Protein chains: 2
Amino acid sequence: MRLAELSARSGVPTATIKFYLREGLLPSGERISATQADYGGEHLHRLRLVRALIQVGRMPVATAREVLAAVDDTELDQHSRLGIAAWSLPGPAQGPNPGEEDDAATQTARQEIDGLLEHLGWEEFGPGTPAYETLLHAVATLIRLGYPCEAPHLRRLAQIAAQVAEADLDLLEGLPSEVEQVEASVALTVLYEPVLLSLRRLAQAEESARRFGG
Amino acid sequence: MRLAELSARSGVPTATIKFYLREGLLPSGERISATQADYGGEHLHRLRLVRALIQVGRMPVATAREVLAAVDDTELDQHSRLGIAAWSLPGPAQGPNPGEEDDAATQTARQEIDGLLEHLGWEEFGPGTPAYETLLHAVATLIRLGYPCEAPHLRRLAQIAAQVAEADLDLLEGLPSEVEQVEASVALTVLYEPVLLSLRRLAQAEESARRFGG
DNA sequence: AAGCATGGATAGCGTCACTATCCGACACAG
DNA sequence: CTGTGTCGGATAGTGACGCTATCCATGCTT
């Protein structure tokens with residue numbers, strides 16, 4: 001398959017594919033001649049994954065490059081590679097801008113979160129991980145706005161999140177090979193986020209209608 | 001309080017506040033003289049909300065303007081206003097780009113989702129709502145990539161989402177006034193998204209360590 | 001042999017969220 | 001009353017990002 005066909009089958013413009021090649025998101029095809037390259041089904045799949053990460057998962061191009069490089073890195077052990085999705089991602093929202101003050105709200109948030117993680121026994125993945133920083137920033141913002149964000153409510157949400165994680169890993173374990181599991185770990189982590197959030201919004205609308213009458 | 005103090009207290013640069021004023025995200029202060037304006041606590045609160053929506057919730061400026069306008073619109077009834085957060089938002093990820101083909105994957109996804117919504121009795125908020133479109137796009141992408149996305153798994157997630165929505169509305173009902181509830185509906189919908197996603201990632205890491213050994 | 005498509009390189013575009021600069025009008029100190 | 005500084009408002013510019021348009025030499029296709 002040549003570039004034009006890859007474009008046709010994926011729906012991605014050739015100029016964009018060239019851009020992804022240049023950026024190292026997509027390996028180049030096998031050179032047939034000086035002006036021709038051949039792409040296979042693997043390229044098509046990778047291209048769709050790239051698009052999904054960038055467009056659906058809103059992942060920056062640079063991040064996608066790092067994540068995909070890690071996915072391809074056979075030097076790493078399975079456990080590290082499976083964790084990459086959860087680590088390399090700015091995902092939902094970045095942490096505080098560099099130099100943002102460590103104000104009262106942030107300190108309260110940190111206490112709340114550390115208490116929560118201790119309670120759950122999730123202390124292994126504490127400060128320093130992107131997810132922790134994102135959580136901290138979001139909770140601090142909630143506090144700064146004066147919205148309720150107490151321990152019991154956070155605990156309730158954390159337990160719900162644990163259910164989601166269980167469902168996620170049930171899916172992962174269903175996959176045959178390790179390579180597939182690693183790629184799936186990234187893809188499912190990122191792509192199920194909009195699914196989860198959309199379902200939450202639909203459920204909210206439904207529940208709101210039930211409670212406040214429609 | 002004058003612009004400079006508003007800036008100091010919120011941590012937002014004056015130039016940015018001026019930008020928000022210009023864009024209609026923040027009402028102008030009371031004019032003291034031709035070159036002076038006075039801002040109150042309400043302005044500080046609104047400014048923080050704007051920042052939160054844009055930076056934490058990643059909401060486009062134009063969307064934030066619409067959402068805030070609707071929040072302020074006292075002509076609307078409570079139920080409509082409470083729904084605004086769930087409706088006005090491109091939120092997690094946009095729907096398909098205009099002109100994206102209605103391919104096989106999309107059709108399968110639509111069937112899957114319609115079946116799910118029917119099963120749950122959530123048919124009131126079907127096609128046409130942003131959440132539905134986002135969900136459709138994400139599920140279609142998963143299918144296109146060959147990842148599992150079957151009815152039982154979606155149902156499981158939907159039930160979890162319903163738990164989140166319940167928790168959300170429990171929080172909302174705890175607020176005294178209707179005005180507060182409306183603003184909180186927007187703020188909590190948007191700001192709890194990164195909280196939920198971060199918790200999911202932490203839970204994933206934890207569960208992954210448990211299953212695959214760390 | 002003609003003509004067009006190909007892959008690669010380079011530079012440009014459109015959007016978005018700010019941000020830097022300038023300006024005339026005031027406030028306030030001396 | 002005068003000088004100095006700050007204010008709010010307007011306009012244009014910036015930097016990041018994700019593409020996208022153009023050009024070119026090559027060489028496949030007919």
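Note that this is a predicted model, so its numbers are computed, not measured. Below, read A as the first sequence line, B as the second, and so on, with proteins coming before strands; counting in each chain starts at 1.
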Applying a 4.0 Å non-hydrogen cut-off, can you work out what B:A37 is touching in the nucleic acid: base, sugar-phosphate, or nothing?
sugar-phosphate
Describe the nucleic acid contact of A:A62 in one word from base, sugar-phosphate, nothing, applying a heavy-atom distance below 4.0 Å.
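Since no nucleic acid heavy atom lies under 4.0 Å of A:A62, the category is nothing.
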With distance as the sole test, does A:T108 use its side chain to make a donor-acceptor pair with the main-chain N or O of A:A104 at under 3.5 Å?
yes
Side chain A:D38, main chain A:M1, donor-acceptor under 3.5 Å:
yes
Take the protein atom [atom1] of [X] and the nucleotide atom [atom2] of [N], then report the distance between them rounded to whole Å.
X     : N      : atom1 : atom2 : answer
A:L21 : C:dT6  : CG    : P     : 14 Å
B:I54 : C:dC16 : CD1   : P     : 13 Å
A:R31 : C:dT6  : CZ    : P     : 15 Å
A:L25 : D:dC17 : CG    : P     : 14 Å
A:I17 : D:dG18 : CD1   : P     : 17 Å
A:L3  : C:dA9  : CG    : P     : 13 Å
B:Q55 : C:dC16 : CD    : P     : 17 Å
B:R58 : C:dC16 : CZ    : P     : 15 Å

Would you say [Y] and [X] are linked by a side-chain donor-acceptor pair, where the criterion is simply a distance under 3.5 Å?
X      : Y      : answer
A:E180 : B:Y147 : no
A:Y132 : A:H137 : no
A:Q78  : A:Q181 : yes

Which nucleotide in C:dT19, D:dT20, C:dG7 has an atom nearest any side-chain atom of A:F19:
D:dT20
Among all residues two or more places apart in sequence or in another chain, which pass the side-chain hydrogen bond (donor to acceptor under 3.5 Å, both in side chains) test with B:E178?
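Applying side-chain hydrogen bond (donor to acceptor under 3.5 Å, both in side chains) to B:E178 gives none.
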Assign each of B:V61 and B:K18 to its nearest nucleotide of DNA chain C by heavy atoms, then name whichever residue's nucleotide is nearer the 5' end.
B:V61
Side-chain N or O of B:R22 versus OP1/OP2 of C:dA17: is the shortest distance under 4.0 Å?
no
Between D:dC19 and A:Y20, is there an OP1 or OP2 to side-chain N/O distance shorter than 4.0 Å?
yes
So A:E75 and A:R81, salt bridge (charged side-chain N to carboxylate O under 4.0 Å, His left out) or not? Walk me through it.
CA-CA 10 Å; A:E75 302 270 311; A:R81 291 164 85 201; over 6 Å; no
Treating primed atoms plus P, OP1 and OP2 as sugar-phosphate and everything else as base, which nucleotides of nucleotides 23-28 of chain C get B, S or - for protein heavy atoms under 4.0 Å?
-BBSS-
Closer to the 5' end of DNA chain D via nearest nucleotide, is it B:E5 or A:A15?
B:E5
